[in-house]
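Naming: A, B, ... by sequence-line order, numbering from 1 per chain. Please read these numbers as outputs of a predicted model, since none were measured by experiment.
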Amino acid sequence: MSKKRAASPRRTDDLPAPADRRRFRTSLLAWYGRHGRDLPWRRTDDPYHVLVSEIMLQQTQVDRVLPKYDEWLQRYPSLSALARAPEEQVVKAWYPLGYNIRPRRLHAIAREAVASYGGELPSDEATLRSFKGIGAYTAGAIRSFAFRQRAAIVDTNVARVLFRVFVGTGDPKRHAVKQRLWRISEALVPRRHVFDFNQALMDFGAMVCVARKPRCLVCPLSRICRAYPFDADGQ
DNA sequence: GTCCAGGTTA
DNA sequence: TAACCTGGAC
């Protein structure tokens with residue numbers, strides 16, 4: 001009796017109502033305009049630059065990626081430049097970001113792009129996902145940031161924001177919940193401002209709707225948030 | 001000193 | 001569901 005859920009495979013009633021979607025988009029973009037961070041990979045839509053930043057950001061926080069991002073692009077300014085480099089040198093250049101499978105996979109992506117895709121990064125979901133190292137989040141990030149497609153993203157920050165605002169209770173780690181968060185994110189992405197909207201989601205999770213002590217007092221979304229007021233000292 | 005974050009893969 | 005790395009928080 002632990003599992004009792006309605007057997008409706010594809011519900012739409014648990015998606016945010018249109019009015020709440022509009023409030024969410026408007027409030028978030030307004031917040032981003034005032035408080036969003038100015039990060040180097042937000043000043044470009046070059047697919048290679050986006051790829052590098054997203055692979056670096058996969059398991060590494062912004063502050064540690066910042067210096068390495070610039071250094072990397074100077075050393076390997078293009079997919080073909082990276083493809084030409086010896087793998088072990090590429091791995092050394094990655095230090096100290098850690099998780100060294102990432103530079104090997106980034107390198108392999110560059111070589112495959114040169115070998116099979118005319119030196120360009122493919123833009124479609126299926127091909128992106130076919131690369132080792134590009135999962136659901138990174139594919140969405142590349143599609144929205146480099147190719148301006150209306151693609152959703154869910155990383156840890158985004159998941160926390162959407163869970164609190166639109167779900168509120170339950171176990172965020174459950175597979176069904178994660179799937180629901182993806183559907184919510186897809187429902188929220190605006191047709192315009194995809195780039196800014198997705199960047200704003202992540203900034204908001206990193207700066208306001210943080211894991212430990214969310215800043216509900218200054219949160220522009222508290223009015224529609226199911227988790228508000230979040231009790232940081234609850235346990 | 002211990003714990004934790006953080007996508008993707010096998 | 002654990003393994004992968006490193007630095008920062010506690």
Legend entry - Under the side chain to side chain donor-acceptor pair (under 3.5 Å) test, residues paired with A/Ser80 that sit two or more places apart: A/Ser78
Inset, instruction - Could you list all the ring-ring contact (aromatic ring centres under 6.0 Å, His included) pairs where at least one residue sits in residues 177-203 of chain A, not counting sequence neighbours? - result: A/Phe145-A/Phe195
Legend entry - Name of the residue among A/Trp31, A/Tyr32, A/Phe24 meeting ring-ring contact (aromatic ring centres under 6.0 Å, His included) with A/Phe204: A/Trp31
Legend entry - Contact letters for nucleotides 2-10 of chain B, in which S counts primed atoms plus P, OP1 and OP2 and B counts the base, heavy atoms under 4.0 Å: ----BBSSS
Inset, instruction - Hey, could you give me each pair passing salt bridge (Lys or Arg N to Asp or Glu O under 4.0 Å) that has a residue in residues 151-173 of chain A? Not counting sequence neighbours. - result: none
Legend entry - Pair A/Ser27-A/Arg223, side-chain donor/acceptor within less than 3.5 Å: no
Legend entry - Polar side-chain atom of A/Thr44 near backbone of A/Trp41 as donor-acceptor pair, under 3.5 Å: no
Inset, instruction - Could you check whether the rings of A/Trp94 and A/Trp72 sit parallel, tilted or perpendicular, using 30° and 60° as the cut-offs? - result: perpendicular
Inset, instruction - Could you check whether A/Asp63 gets within reach of a base, just the sugar-phosphate, or nothing at all, counting any heavy atom under 4.0 Å? - result: nothing
Legend entry - For A/Asp38, all residues meeting side chain to side chain contact (heavy atoms under 4.5 Å, CB included), sequence neighbours excluded: A/Arg43
Legend entry - chain A footprint on DNA chain C, 5' to 3' - any atom under 4.0 Å from a heavy atom: C/dC4 to C/dC10
